Amino acid sequence: MTKPRVRFAPSPTGALHIGGVRTALYNYLFARQKGGTFILRIEDTDQGRYVPGAEDYIIESLRWVGLLPDEGVGFGGSDGPYRQSDRKEIYKKYAHELVQRGHAYYAFDTPVELEALRQATENFTYNHLTRNDLANSLMLGDAESQRRVAAGDPFVIRLKVEPGQSIHIQDLIRGDVVFESSELDDKVLLKTDGMPTYHLANIVDDHLMRITHVIRGEEWLPSTAHHVLLYRGFGWEATMPKFSHLPLIMKPVGNGKLSKRDGAKFGIPVFPLGWKGETEEESFGGFREAGFLPEAVVNFLALLGWHPGGDQDVFSMEELIQLFSIEHIGKSGARFDYEKAKSFNQKYIHAKDDAALATLVRPLAEAKGYQVSDEFLSKAISLMKERVTFLTDFVEMGYYLFEPVRNYDEETLQKRWNSDVAAVFAELTEKVATFDLFKAAELEDAVKTFIQEKGIKPGDILPLLRIALVGTMKGPAVFETAEVLGKAETLARLKAMIDHKKE
RNA sequence: GGUCCGUUCGUCUAGGGGUUAGGACACGUCCCUUUCACGGAUGAAACACGGGUUCGAUUCCCGUACGGACUACCA
């Protein structure tokens with residue numbers, strides 16, 4: 001078997017949906033495993049929906065999750081251009097060629113006329129039943145059609161679907177899928193503006209770029225019959241790619257597939273990266289901004305609709321490449337489970353070493369104005385690591401490692417603080433001031449000895465120590481926190497606590 | 001409405017003609033810890049339904065129900 005060539009072909013109509021990232025991932029895994037080629041093609045044939053910046057967004061997203069194309073927009077390659085708007089003339093040529101071959105025709109019906117027909121006729125379809133009554137070259141004849149085309153009349157080119165044939169698609173995921181050509185409409189291939197529709201551009205490009213496998217979302221399954229007809233019409237059936245239609249990613253709750261709006265609706269990221277729209281409403285954060293590690297996102301996405309079998313569920317990119325197989329892709333829609341995504345993130349953060357995490361957390365800390373040494377950051381990370389879910393938690397949940405306690409857990413204070421305790425606390429603070437070796441273990445020994453000498457229970461004083469240091473009853477071990485904070489800061493916080501209670 | 005696709009714990013899924021139907025997330029309980037988490041243990045939790053085929057079906061076939069996608073000069 002020759003090396004496979006696959007493509008990821010998003011449309012730059014805005015931020016790349018997380019489902020798109022999964023499609024890219026599966027294509028990438030397949031290509032990598034087989035030593036094939038992964039191509040990025042930009043399908044920007046709809047001028048009306050083109051969004052500036054979307055293309056860069058797509059590329060940056062792929063970079064972030066580590067799915068670098070071998071060829072494509074921004075990555076070079078010898079089968080370019082890889083942006084469909086730069087290939088307009090190619091499609092035009094092939095569209096006309098298909099007319100010559102008798103598999104397509106000119107149609108002069110205006111969108112307004114067609115809309116009127118749809119209003120007037122229930123389930124109106126432009127097909128073998130209706131095309132003979134409409135303004136196209138099949139009815140008008142070649143001479144008149146040529147005259148109108150030459151005269152500059154607006155026209156589209158439509159696929160001429162011959163009725164009466166069964167079109168079989170051997171989908172690698174779904175098996176044999178059959179469509180009756182009589183049920184198919186005469187799809188527009190070339191629009192009035194001279195741009196191709198998806199159907200034409202896709203087939204022409206996949207053929208010209210020698211694509212061997214088309215791995216795309218299930219929403220394309222219904223139009224695949226048209227695509228097969230196009231391959232046949234052009235005489236390219238022998239090299240037609242194999243199709244695999246992926247199950248869709250569904251909303252976290254409710255019905256239907258995950259949509260861009262669900263992000264705002266459920267307060268969860270549905271895009272890899274943040275997006276700056278024209279307005280606040282059109283702007284949103286992505287998985288990256290939420291504090292996800294790209295490898296966690298990849299792992300989560302890989303398992304949304306695919307599993308190699310067995311009980312393993314944490315996979316590195318290398319393992320995914322090794323284990324991936326189209327046969328193991330599921331057939332039914334996979335619900336987007338954000339809790340699961342979070343749990344993967346947590347696992348990956350735990351598994352990552354402190355130094356690597358520090359590199360990622362440093363920008364977050366600096367954005368908050370925290371100036372810290374590598375050594376300190378590393379210690380802070382090691383302290384917090386096991387209780388964070390997101391990278392951002394290090395500087396948000398664990399803010400107290402970088403700045404003074406903002407507020408105290410007054411409820412607990414109310415219960416535990418009294419004049420007796422206050423005296424002990426003050427004494428303890430003085431004792432702490434005498435420690436030179438500020439290490440967690442020694443500190444703990446000393447404090448516990450002190451507690452014993454005083455004849456009080458650890459529970460009387462430890463919680464207060466904790467609140468003094470971090471403000472809350474949640475968080476890392478007290479003595480380790482003290483060590484990371486250092487002697488000066490620890491003392492300052494103990495005194496601040498005393499001052500706080502004096503008020 | 002039409003066409004096509006699908007259906008194993010709440011969710012992601014493993015499995016496959018004879019299994020105590022497995023794992024993960026989430027949830028409950030317990031242990032660890034005088035915090036929170038992590039970790040460990042444990043519990044509850046599924047083969048949509050109805051017919052076939054078969055000695056036997058969750059697994060194969062057919063229907064039904066339900067879900068989904070598509071049905072644009074959008075991709």
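Fair warning: this is a prediction, and the values are worked out from it, not measured in the lab. Within every chain, numbering begins at 1; the chains are lettered A, B, ... in the order of the sequence lines, protein sequences first and strands thereafter.
A/V65 places none of its side-chain heavy atoms less than 4.5 Å from the side chain of A/L25.
Of the candidates B/rC12, B/rC73, B/rC4, the closest approach to any side-chain atom of A/R158 belongs to B/rC73. Among the nucleotides B/rG15, B/rG68, B/rC74, the one closest to the side chain of A/N255 is B/rG68. Nearest nucleotide to the side chain of A/E386, out of B/rA37, B/rC74, B/rA69: B/rA37. Taking the side chain of A/A477 as heavy atoms from C-beta on, and the options B/rU35, B/rA75, B/rG6, the nearest nucleotide is B/rU35. With distances taken from any side-chain atom of A/S332 to the nucleotides B/rU7, B/rA75, B/rU35, the minimum falls on B/rU7. Of the listed nucleotides (B/rC38, B/rA75, B/rU3), B/rU3 has the atom at the smallest distance from the side chain of A/F179. Closest to the side chain of A/K257, out of B/rG15, B/rA75, B/rA69, is B/rA69. Nearest nucleotide to the A/L248 side chain, out of B/rA75, B/rA69, B/rC12: B/rA69. Across B/rC73, B/rC25, B/rA75, the shortest atom-to-atom separation from the side chain of A/E43 is found for B/rA75.
Between the side chains of A/D185 and A/H226, a donor-acceptor pair is found at a separation under 3.5 Å. In this model, a donor atom of one side chain and an acceptor atom of the other lie less than 3.5 Å apart for A/D44 and A/S85.
If you take atom C1' in B/rG43 and the same atom in B/rU54, they sit 37 Å apart, rounded to whole Å. Nucleotides B/rG23 and B/rC60 are separated by 26 Å at their C1' atoms, to the nearest Å. When the P atom is used for both B/rC9 and B/rG22, the distance is 14 Å, rounded to whole Å. Separating the P atom of B/rC47 from that of B/rU11 is a span of 12 Å, rounded to the nearest Å. Straight-line distance between the C1' atoms of B/rA14 and B/rG28: roughly 25 Å, to the nearest whole Å. Nucleotides B/rC49 and B/rG10 have their P atoms positioned 13 Å apart, rounded to a whole Å. B/rG50 and B/rC55 have their C1' atoms separated by 22 Å, with the value rounded to a whole Å. With both ends at atom P, the span from B/rC27 to B/rC38 equals 10 Å, rounded to whole Å.
The residue A/P247 sits apart from the nucleic acid: no heavy atom pair falls under 4.0 Å. Contact annotation for A/G475: base contact, defined as any heavy-atom pair under 4.0 Å involving a base atom. Within 4.0 Å of A/V178, counting heavy atoms only, lie sugar-phosphate atoms of the nucleic acid but no base atom. Looking at heavy-atom distances under 4.0 Å, A/P463 makes no contact with the nucleic acid at all. Using a 4.0 Å heavy-atom distance criterion, A/G305 is classed as a sugar-phosphate-only contact. Using a 4.0 Å heavy-atom distance criterion, A/V177 is classed as a sugar-phosphate-only contact. Among the atoms of the strands shown, none is found under 4.0 Å from any heavy atom of A/M195. Nucleic acid contact class of A/G217 (heavy atoms, under 4.0 Å, all strands): none. Among the heavy atoms of the strands, none lies under 4.0 Å from A/P12. Within the nucleic acid shown, A/D46 comes within 4.0 Å of sugar-phosphate atoms alone, with no base atom in reach, counting heavy atoms only.
Applying the 3.5 Å distance criterion, the base of B/rC5 shares no donor-acceptor pair with the side chain of A/R174. Counting atom types as modelled, A/S343 pairs no side-chain N or O with a base atom of B/rC25 as donor and acceptor under 3.5 Å. Scanning atom types as modelled, no donor and acceptor separated by under 3.5 angstrom connect the side chain of A/R387 and the base of B/rC38. In the interface, the side chain of A/R335 is not paired with the base of B/rU11 through any donor and acceptor atom under 3.5 Å apart.
Mapping A/F300 and A/E122 onto RNA chain B by nearest heavy atom places A/E122 closer to the 5' end of the strand. For A/H350 and A/P308, each mapped to the nucleotide of RNA chain B holding its nearest heavy atom, the one lying further toward the 5' end belongs to A/P308.
Atom-to-atom, NZ of A/K474 to P of B/rU33 comes out at 21 Å; the value is rounded to the nearest Å. What separates NE2 of A/H307 from P of B/rG22 is a distance of 15 Å, to the nearest Å. The CG-C1' distance, from A/N127 to B/rG2, rounds to 12 Å in whole Å. In this entry the distance linking CD of A/E219 with C1' of B/rA75 reads 8 Å, nearest Å. We find that NZ of A/K331 is positioned 14 Å from C1' of B/rU13, with the value rounded to whole Å. Atoms CG (A/L221) and P (B/rA75) sit 19 Å apart, rounded to a whole Å. Here the P atom of nucleotide B/rA14 and the CZ atom of A/F315 are 11 Å apart, to the nearest Å. Put simply, CG on A/L159 is 15 Å from P on B/rA72, counting in whole angstrom units.
Note on ring orientation: taking the six-membered ring where Trp is involved, the planes of A/Y57 and A/F271 are perpendicular (angle over 60°, cut-offs 30° and 60°). In this structure, A/H227 and A/Y198 have tilted ring planes: the angle between them lies in the 30° to 60° band.
Checked for salt-bridge contact, A/D186 and A/R158 miss the test: no charged N lies under 4.0 Å from a carboxylate O.
Of the residues listed (A/F336, A/F315, A/Y348, A/Y338), the one engaging A/F300 in a ring pair (Phe, Tyr, Trp, His ring centres under 6.0 Å) is A/F336, and it is the only one. Checked options A/D205, A/D46, A/N202; the residue passing with A/Q84 is A/D205 (criterion: side chain to side chain donor-acceptor pair (under 3.5 Å)).
Phosphate contact (OP1/OP2 of B/rC70, side-chain N/O of A/K187, threshold under 4.0 Å): absent. Residue A/T45 has a polar side-chain atom (N or O) positioned under 4.0 Å from OP1 or OP2 of B/rA75. A sub-4.0 Å separation between OP1 or OP2 of B/rC74 and a side-chain N or O of A/K191 is present. One finds a side-chain N or O of A/K347 lying less than 4.0 angstrom from the OP1 or OP2 phosphate oxygen of B/rC25. Contact between the side-chain N/O atoms of A/R118 and the OP1/OP2 oxygens of B/rG1 is not found at any separation under 4.0 Å.
Atom-to-atom distance recorded for A/L293:CG and A/F344:CZ is 13.0 Å, nearest 0.5 angstrom.
Pairing partner, B/rA41: B/rU29, with both Watson-Crick or wobble hydrogen-bond distances short of 3.5 Å. Across all strands shown, B/rU3 is found opposite B/rA69 as a Watson-Crick or G-U wobble partner, with both distances under 3.5 Å. Under the Watson-Crick or G-U wobble criterion, with both distances below 3.5 Å, B/rG63 is paired with B/rC49. For B/rG16, there is no paired base (Watson-Crick or G-U wobble, both distances below 3.5 Å).
Ring centers of A/F8 and A/Y26: at least 6.0 Å apart, outside the cut-off.
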